[in-house]
Asks: 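Take a look at the following structure, please.
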Amino acid sequence: MLSGTPQAVRLDSVTKIYGSADRRGRDVRALDTVSVAIPPGTFTAVMGPSGSGKSTFLHCAAGLDSLTSGACWIGGIALSGMNETQLTKLRRKHVGFVFQAYNLVPSLTVRDNIVLPLRLSGERVDRRWLEEVLARVGLTGKADTRPSQLSGG
Ligand SMILES: Nc1ncnc2c1ncn2[C@@H]1O[C@H](COP(=O)(O)OP(=O)(O)O)[C@@H](O)[C@H]1O
Ligand SMILES: [Mg+2]
């Protein structure tokens, strides 16, 4: 970065082509030289019709999928050249996902799902902060149930 706080996420000329030998022989150019800078502390919505590349964009911007060309940074850290282990650690520490299908661990309680990334990285759980986070999202009374026991879950 030239100066100051790095962008939360930055994409520079990102192209993602899904190769095809096994899919009717056609390449799909899901992202075509996409450049975007997302400042820290902001909200961004990605909108577009089905098949327009939203999921591909999110997967590339989060270090879940590789780029065909271009470059991507998370918090000023370049993803290019990182191996799977390095990407896993970066995601665990710096990226939060809320998937459409949630992808929670059904055998763990709500509380244990929340602290799972900390446990995996061997970090201490700040109990007070955990209670605060649970309270803020209205889960205090449900922290010790399993996700499937939540209404609508
Ligand atoms: N794993 C994949 N292999 C091949 N083509 C894919 C793959 N994932 C997505 N695509 C294609 O890339 C394009 C963008 O898909 P996607 O990013 O899922 O769009 P959206 O999330 O906006 O619906 C679509 O044409 C889709 O068929
Ligand atoms: Mg999608």
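FYI, side chains are in, hydrogens and waters are out, and symmetry mates aren't considered; it's all heavy atoms of this structure. Nothing here was measured: the structure is a model prediction, and the numbers come from that model. All ligand and atom numbering here is 1-based and tracks the order in the structure.
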Asks: Rounded to the nearest 0.5 Å, what's the gap from OG on S55 to CZ on F99? Could you check?
Replies: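 If we round to the nearest 0.5 Å, S55:OG and F99:CZ are 10.0 Å apart.
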Asks: Of all the heavy atoms in G51, does at least one lie under 4.0 Å from an atom in ligand 1?
Replies: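 Contact check G51 vs ligand 1: positive.
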Asks: Show the nearest heavy-atom pair for residues A61 and L11, with the distance to one decimal.
Replies: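 Closest approach of A61 to L11, heavy atoms only: CB-CD1, 3.9 Å.
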Asks: Which atom names give the shortest non-hydrogen contact between R119 and D112, and what distance separates them?
Replies: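 The pair with the smallest heavy-atom distance is NH1-OD1, 3.9 Å.
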Asks: Counting C-beta onward and ignoring hydrogens, is there a side-chain heavy-atom pair between K16 and D65 closer than 4.5 Å?
Replies: yes
Asks: My understanding is that only one of V14, I17, T15 makes a side chain to side chain contact (heavy atoms under 4.5 Å, CB included) with S69; could you say which?
Replies: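 Of the listed residues V14, I17, T15, the side chain to side chain contact (heavy atoms under 4.5 Å, CB included) partner of S69 is T15.
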Asks: Is G19 in contact with ligand 1, taking contact as a heavy-atom separation below 4.0 Å?
Replies: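 No, G19 has no heavy atom closer than 4.0 Å to ligand 1.
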Asks: Can you sort out which atoms of ligand 1 are near P49, meaning under 4.0 Å from one of its heavy atoms?
Replies: 22 (O)
Asks: Just distances here: any N/O of G53 and N/O of ligand 1 closer than 3.5 Å?
Replies: yes
Asks: I'd like to know if the Mg ion (ligand 2) has an N/O/S atom from S55 within less than 2.8 Å of it, counting both backbone and side-chain atoms.
Replies: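 It does; at least one qualifying atom falls short of 2.8 Å.
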Asks: What atoms of ligand 1 come closer than 4.0 angstrom to any heavy atom of V28?
Replies: 11 (C), 12 (O), 13 (C), 25 (O)
